[in-house]
Each structure stands twice: as structure tokens, then as C-alpha cells.
Amino acid sequence: MLELKFIRANADAVAKAVAAKGEKADITAILALDEKRRAYLRDVEKWRSERNDVSRKIGEMKKHGEDAEALMVRMRDVGDRIKVHETKLKEIEEALNEHLLWVPNIPAPDVPPGADESDNVEVRRWGTPREFDFQPRPHWEIATDLGLVDFTRAARMAGAGFALFTGLGAKLERALISFMLDLHTTMHGYTEILPPYLANRECMLGTGQLPKLEEDMYNTRQDDFFLIPTAEVPVTNFYRGEILSAFDLPKYLTAYTACFRREAGSYGKDTRGLIRVHQFDKVEMVKFVEPETSYDELEKLVGNAEAVLQALGLSYRVLELCTGELSFAAAKCYDLEVWAPGAQRWFEVSSCSNFEAFQARRANIRYRGKDGKPRFVHTLNGSGLALPRTVIAIRETYQNADGSLSVPEALRGYLGGLETISAPAK
RNA sequence: GGAGAGUUGGCUGAGUGGUCGAAAGCGAUGGAUUGCUAAUCCAUUGAGGGGGUACUAACUCCCUCCGCGGGUUCGAAUCCCGCACUCUCCGCCA
């Protein structure tokens, strides 16, 4: 959410940002409603002021035993008029607010302009893609042969597009989750939390998934809860409505959660294996920081996510997203893409964004500055990491000629010292 | 699921129809005192919005907000109704 004052003063720039992001917020309508709102507000406030004055007078007259009937009759009239205009004012404000919720965040000035992924800018690469002296196989073959996943039975349980990890495949998920959380809590200064996987409507509005992405979310009809599409939702809402102290900032939180996405509109895309599934595991990092520091914090956040890939020995590249690829709420975003040598392509495993005050304004998360004035914090978040594609990269990178899989050293401690995953005996 | 109690400012906590935006305490900020620390004293200290002078600062007037939404009334933190959440007890249950 942007401030109405800001939109009023920078209408052109905001309209430009809306276009650059391919959004459809109607800035002209907002300005008109804003104008109308203030006109009604002036009237209502004038009458309310009168009512307050006269009511006070009535109170005093009654105390002195005087007859205030005439004034009371007059105020009854004023009261009716206020009520009518208040109703109208409320309608206008609701319409205005509805419009405002559709205004995206403005890209930071240094975000490269562009329409699609071809305009993203590669910032750096890490690691050398592994050379094979045999033909590397794709991850879905490896997983099936080693008995790590079972999509047939997953479909029986839930439906198409769900993963079911089995045996060491399941244990590998658990190992990765523990490894990532341990890394972030011991090396990067994050506090671990384990939040609810269901979130209410206010949370979804706060982080900006709603109203735009309602179709992509699972909703529990009876109670109007949403299955979280990312831990960002509950974790960012950790401080919703609170005023933090400047001395407590920055706050770093990390959480493992399952994530649920309907992936409406993406049918037929990346249907194979784990690339795109309705439920997946992810470790998320969320930061609450002072505005002055948020871009430094973003770089550090990317570094925290990169540390996971580096520890796992996986090659990756860092992309800076162009304006057209930025999500609704983000001002700036880096994607981390890992190299999968079997599939011969890059897979996004992390998205690290600075939302500046956009989410904080929606979720009303403030801090009290050293001058005592409350200000909105800046929020950031990044995956550290999403598991399915990380697992894909591990399988393809660490595969051996005999079909077995070496366990990355960083994970061995979490798998009872296991060094190799081999096909189960038939 | 049933019964009861509660929800007030950064925090604790008073307030049951008329200067209540709200006592008191804590905390915070500024100042005084002080060899340092501690203690003490004085002062300031809620948020959001609209208008005016000014035209980033400052000043000033007004409105709203005591969980949320309605209602009663000239007037509601205070009375009535609905909802949410928290706590206690009972039932059920992983």
C-alpha cells in the first residue's frame, strides 16, 4: 500500500510504476475519490464540531436546571444530517480503499527496466557446473530409481501435482530443513519460529497476496482461512499492528513451513516431477529493519540465501529482476537460480525482496525512532531455500555413474553420517 | 460444543452517560544535581486524519479512535445488540 498523500503528490510516477509492473490500478479514479472524500469529510467534521459544542452546552444548562429542549431538538436534526453524510463518506472510503489495495509498490530507481525475464540482469555466478564423464540423468529418473518419491500414490492421496517423499527422500527433506534452519540461526543471527500454516484474510492483505492473488490460494471455506503460500505471510504478520522500538531493530526471523499454491493458470507448465507442486517445503527468512538500512539488509539477505547453496556445493547465479518481473509488493528483488546439470537448466530456488514500507503500511508495523515518532519499518524476505528445486539440483549434481547419489557433506550429519544413497535391493 | 470473566495509551492499570484522549505508576526523552554508577528533583511524552497560516521545518484550529461492527441518546470508554480474541471451568479430542 502506498500513502494516499504520496499518490496525490506523485500521481504520474505512480501511474508509470503501475504500467511498468503490468498492473491495472486506476490512479485517476483514486484521485477523484480522494477529492470527493475530503469534501464530505469537511462537512461531516464541521457538523460534528457543532454537535460537540452544543451538546456540551446542553449538559451545562441541565446542570443549572435550565430548559434545553430547543437545543436538543435542533441537534436531533444535525445528528440526522451527520448520519446521512457519514454513510456516504463511508461508501466513498470503502471504494477508495478497494482501489488502493490494487496499487502495487513502486520499483526502486535502480531496478532495470524491462517487460519479462529476458530483461532480468545477471549479477554474478558462483561455482563451476559439474563436468560428467557419463551422461547425467534427469532428476525424475534418479528419484524414481532410488525410491525417493512416489507421485502415483501422491495422486491417490491428494491429486495431480502433489509430491510424496518416501524413505530417504523423506529423510532428506527433514535433513535439509534442519540444516538450513541451523545455518540461519547459528551463523546469520535469525530467530527461529514455527508459525501456523493457515492465515486469516488480514494477514493475506497485509503482505499483499490479497486481493490480487486470491485465485492462487487454497481457502478453507468454513472459516475463511488461507493455506499459506509462503511463510512470509505468517512471519511478516508476526508484528502486525505493533510499534517496535528502534533499539530492537533489525529483527531477523526464520521459519520452516509447508507452502501451498493452487498454481491456477499454470497447468501444463513444468508438470514433471518436483518443479511445480501444490505443496512444498521451504525455509524462509524475514527481516524488519529501519528504512535507512533496508538496501544493505537486502544484500545481506541474498548472501544468507547464497550461503545455503554454497554449503551444499551447488552452482547458481544471481539475477536482479526487471520492473516487469517484480512482484506486486516488491520494490526490488533478486532471484537465486541453481544449476541442474541433468535437466540442463536453471531453477529458481530463492527470491529475496525488499518491500520497503509497502507491507508495513498494509500490516501497520511501525517502530519508534530515536526522535520518539512512530514510522513504518521496512520489511524484507527471502527463501533460504525452497526445497523441491534444491533437491532437484542435489540429485542431478551429486549423481554417480552407477545410479547412486552422493550425500553433500553438509547434510551427512543430518542423515546419520550417510555418504551414499543407493537403489533399494529388489 | 457448554458456562463464566476479560479486551483502555510503548507497558501496568483506574475510570459506568456531560471539559475523559482518558487518573496513577512504569518506561522513554530533555534538564538540574552528581567524582563514576545508583538515587533524587523538574519538565515533556498516544495515534490517525482534515483545514488554515506557513508553503520539506514550525505554528494553529478541528474531527476520529478506549478489541471490531451496529444501535440508543442532544451527548457513549461508560447503556443495548452482534462478532472476534484472551483467560478459567466442563465436555470432546491428537
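The analysis underlying the following values was restricted to heavy atoms, covering all of them including side chains, and did not include hydrogens, waters or symmetry mates. Note on naming: letters A, B, ... go to the chains in the order of the sequence lines (proteins, then strands), and numbering restarts at 1 for each one.
Nucleotide B:G49 holds its C1' atom 11 Å from the CG atom of A:L89, rounded to whole Å. If you take CD1 of A:I365 and P of B:A47, they are 19 Å apart, rounded to a whole angstrom. Atom-to-atom, CZ of A:R240 to C1' of B:C68 comes out at 13 Å; the value is rounded to the nearest Å. Atom CZ of A:F247 is separated from atom C1' of B:G27 by 12 Å (rounded to the nearest Å). Atom NZ in A:K373 sits roughly 18 Å away from atom P in B:A28 (whole-Å rounding). Between the CZ atom of A:R37 and the P atom of B:G48 there is a distance of 14 Å, given to the nearest Å. The interatomic distance linking A:L41 (CG) with B:U64 (C1') rounds to 9 Å, in whole Å. The nearest whole Å value for the distance from the CZ atom in A:R38 to the C1' atom in B:U64 is 17 Å.
The nucleotide B:U19 finds no pairing partner, because no Watson-Crick or G-U wobble arrangement with both distances shorter than 3.5 Å includes it. Pair assignment for B:G9: none, as no Watson-Crick or G-U wobble contacts are both less than 3.5 Å. The partner of B:U34 cannot be assigned: no Watson-Crick or G-U wobble pair with both contacts below 3.5 Å exists in any strand. The pairing partner recorded for B:G67 is B:C83, the criterion being a Watson-Crick or G-U wobble arrangement whose two distances lie under 3.5 angstrom. Pairing partner, B:G91: none, since no Watson-Crick or wobble contact has both distances short of 3.5 Å.
Base contact: A:I58 has a heavy atom under 4.0 Å from a base atom. Among the protein residues, A:R361 comes within range of no part of the nucleic acid, since none of its heavy atoms lies under 4.0 Å from any strand. Among the atoms of the strands shown, only primed sugar atoms or phosphate atoms (P, OP1, OP2) are found under 4.0 Å from some heavy atom of A:K83. Using a 4.0 Å heavy-atom cutoff across all strands shown, A:K57 reaches no nucleic acid atom at all.
A cation-pi arrangement is present between A:K287 and A:Y252 under the rule of less than 6.0 angstrom and at most 45 degrees off the ring axis.
Using a 4.5 Å cut-off on side-chain heavy atoms (C-beta onward), A:P291 and A:E356 make no contact. Contact of the A:M285 side chain with the A:H184 side chain is registered, since non-hydrogen atoms from C-beta on lie closer than 4.5 Å.
Put simply, the side chain of A:E45 and the base of B:G51 share no donor and acceptor less than 3.5 Å apart.
For B:G50, neither phosphate oxygen OP1 nor OP2 lies less than 4.0 angstrom from any side-chain nitrogen or oxygen of A:R42. Of the side-chain N and O atoms in A:R56, none sit less than 4.0 angstrom from OP1 or OP2 of B:G18. Put simply, A:S49 has a side-chain N or O that comes within less than 4.0 Å of OP1 or OP2 on B:C63.
With B:G48, B:C63, B:C74 as the choices, the nucleotide that has an atom nearest any side-chain atom of A:R366 turns out to be B:G48. Checking B:C74, B:A47, B:G50 against every side-chain atom of A:M72, the shortest atom distance belongs to B:C74.
For the C1' atoms, the distance linking B:C92 with B:A3 amounts to 16 Å, nearest Å. For the P atoms, the distance from B:C83 to B:A24 is 38 Å, rounded to whole Å. Only the C1' atoms considered, B:U8 is 11 Å distant from B:G21, to the nearest whole Å.
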Candidate pair A:F288 and A:Y239, rule ring pair (Phe, Tyr, Trp, His ring centres under 6.0 Å), full reasoning: CA-CA 9 Å; A:F288 305 84; A:Y239 290 117; 4.9 Å; yes

query: side-chain hydrogen bond (donor to acceptor under 3.5 Å, both in side chains) between A:E232 and A:Q359: does it pass, once the steps are laid out?
result: CA-CA 11 Å; A:E232 163 193 353; A:Q359 292 181 326; 2.8 Å; yes

Pairwise N/O distances under 3.5 Å, protein to nucleotides 75-78 of chain B:
residue, atom, partner, partner atom, Å
B:G75, O4', A:S55, OG, 3.2

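Between the A:D281 side chain and the A:A258 main chain, no donor and acceptor come within less than 3.5 Å of each other. No side-chain donor-acceptor contact under 3.5 Å links A:R366 to the backbone of A:I243. At least one donor-acceptor pair closer than 3.5 Å links the side chain of A:R389 to the backbone N or O of A:I275.
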